[in-house]
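Just follow the structure's listing: the first ligand is 1, and inside any ligand the first atom is 1. Residue indices begin at 1 and follow the sequence shown.
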Amino acid sequence: MESNLKTNINEEILNIEKIRNDFPILKQLIHNKPLCYLDNAASTQKPQIVIDTINNFYSTTNSNIHRGVHYLSEKSTQAFENARIKVKDFINAKSEKEIIFTSGTTASINLVAQSFGRKYLNEDDEIIVTTMEHHSNIVPWQLLCDEKNANLKVVKINDIGELLLDSLNDLISEKTKLISVMHVSNTLGTINPIKEIIKIAHQNNVPVLLDAAQSIQHIEIDVQELDCDFLAFSGHKIYGPTGIGILYGKENLLDEMPPFMGGGDMISKVTFEETTFNELPFKFEAGTSNIAGAIGLGAAIDYVKSIGIENIKEYETNLLNAATDAVKEIPGIKIIGNAKEKTSVLSFVIDNIHPHDIGTFLDFEGVAIRTGHHCTQPLMDFFKIPATSRASFAFYNTLEEVEQLTIALKKTIEVFN
Ligand code: PMP
């Protein structure tokens, strides 16, 4: 399909043909149409190198880690710990001890809630989140607050989907024990002013957890420069496998926190009278980890680095701008989320057509988008809508695909009207 969109600069930023060749899944026809995969905020596709790395691990190296003295176990352990170093370098953590392998963002946030939260939260204390949070950054805190008789406070947003920082200033007090905030909204695409949030929090001696599930794949993250206290992300959203994720925490905080789960690998010595715990990061990695997942994530990080996160950001911003301009022109469509700082997510509603019908119709045109509340029901309540349709972009998407989306949307409106 020839693109009428006037932006050719993207071809200069990335070698898109080569990149698309790296992702075997993209070559498919869906319902006889070229697959136009625009559900990247839900999960990203995997480059061949990630698939090969996992395949190779199981074909040549597979063995349990840390406890074996035999060759394969040592090789496995090396590969697993090497992946930890890759993550550490990628987010510029000070030490590998600050990198905990979990099963994903959700598990990472629950770890902080159940370990840090249980230790430091008392009756009437407060945790601050925002209106736009994903359920996985709301429910763990509700569970904790219920248990501790503590309270969840919510930073408000404006109609274009930006945080109202004044509201944070009003909420924060000596009762605040943690601010847990998303870096980028999975529903609106808003990039939150996290540097300012962290500054305000630290002026009040409050630590900050960043949910980086939607930013790690789009924006350069340097945890030392940001000075965030915890950071959570999922492997599957950064071109790595499912079932693996990261909790970064400052060493002094993690050191003081009690273990979250008990079991093998996280102990130093066990007797029936008493157990002492392993050092960081193993204290938080009970049981056999997702070894292949961690190694696959390491390969995904290498791949992203080879393309360059700055190039990715520039390319995706151009795609989002082109898509926003094109979709805005279609009568009957309203974009939800018009923040000044946005990345890679375009949410919208169409007069008189339910998002699920839009999603189903688009699927027949080969276009995969997501429809629903996107695990942000309080945000849907704020906008007084039950659901949106969401197109979300990755660096393997093209301007031609933006056009495929807009043509399919126009067709949908024609058919339903
Ligand atoms: N936070 C945000 C902002 C997300 O977009 C998601 C995934 N949609 C999550 C948390 C949860 O991630 P996971 O399901 O991989 O744990």
Does ligand 1 have any atom sitting under 4.0 Å from a heavy atom of [X]?
X    : answer
H236 : yes
D211 : yes
C375 : no
K237 : yes

- Query: Taking the six-membered ring for Trp, are H66 and F282 ring centroids under 6.0 Å apart?
  - Reply: yes
- Query: How about F284 and F101: are their ring centroids closer than 6.0 Å?
  - Reply: no
Look up atom [atom1] in [X] and atom [atom2] in [Y], then write down how far apart they are to the nearest 0.5 Å.
X    : Y    : atom1 : atom2 : answer
E98  : I100 : CD    : CD1   : 9.0 Å
S215 : F233 : OG    : CZ    : 9.5 Å
I307 : K18  : CD1   : NZ    : 7.5 Å

- Message: How about NZ on K119, more than 12 heavy atoms from neighbouring residues, nucleotides or ligands closer than 6.0 Å, or not?
- Response: yes
Suppose I only count heavy atoms of [X] and a 4.0 Å limit; which atoms of ligand 1 are within that range?
X    : value
S234 : 12 (O), 13 (P), 15 (O), 16 (O)
T106 : 11 (C), 12 (O), 13 (P), 14 (O), 16 (O)
M182 : 3 (C)
Q214 : 3 (C), 4 (C), 5 (O)
S136 : 1 (N), 9 (C), 10 (C), 11 (C)

- Message: Out of the candidates K334, H374, H373, only one should pair with T388 under the side-chain hydrogen bond (donor to acceptor under 3.5 Å, both in side chains) rule; please name it.
- Response: H374
- Task: Can you pull out the closest protein heavy atom to atom 4 (C) of ligand 1? Residue, atom name and distance to 0.1 Å, please.
- Result: H134 CD2, 3.4 Å
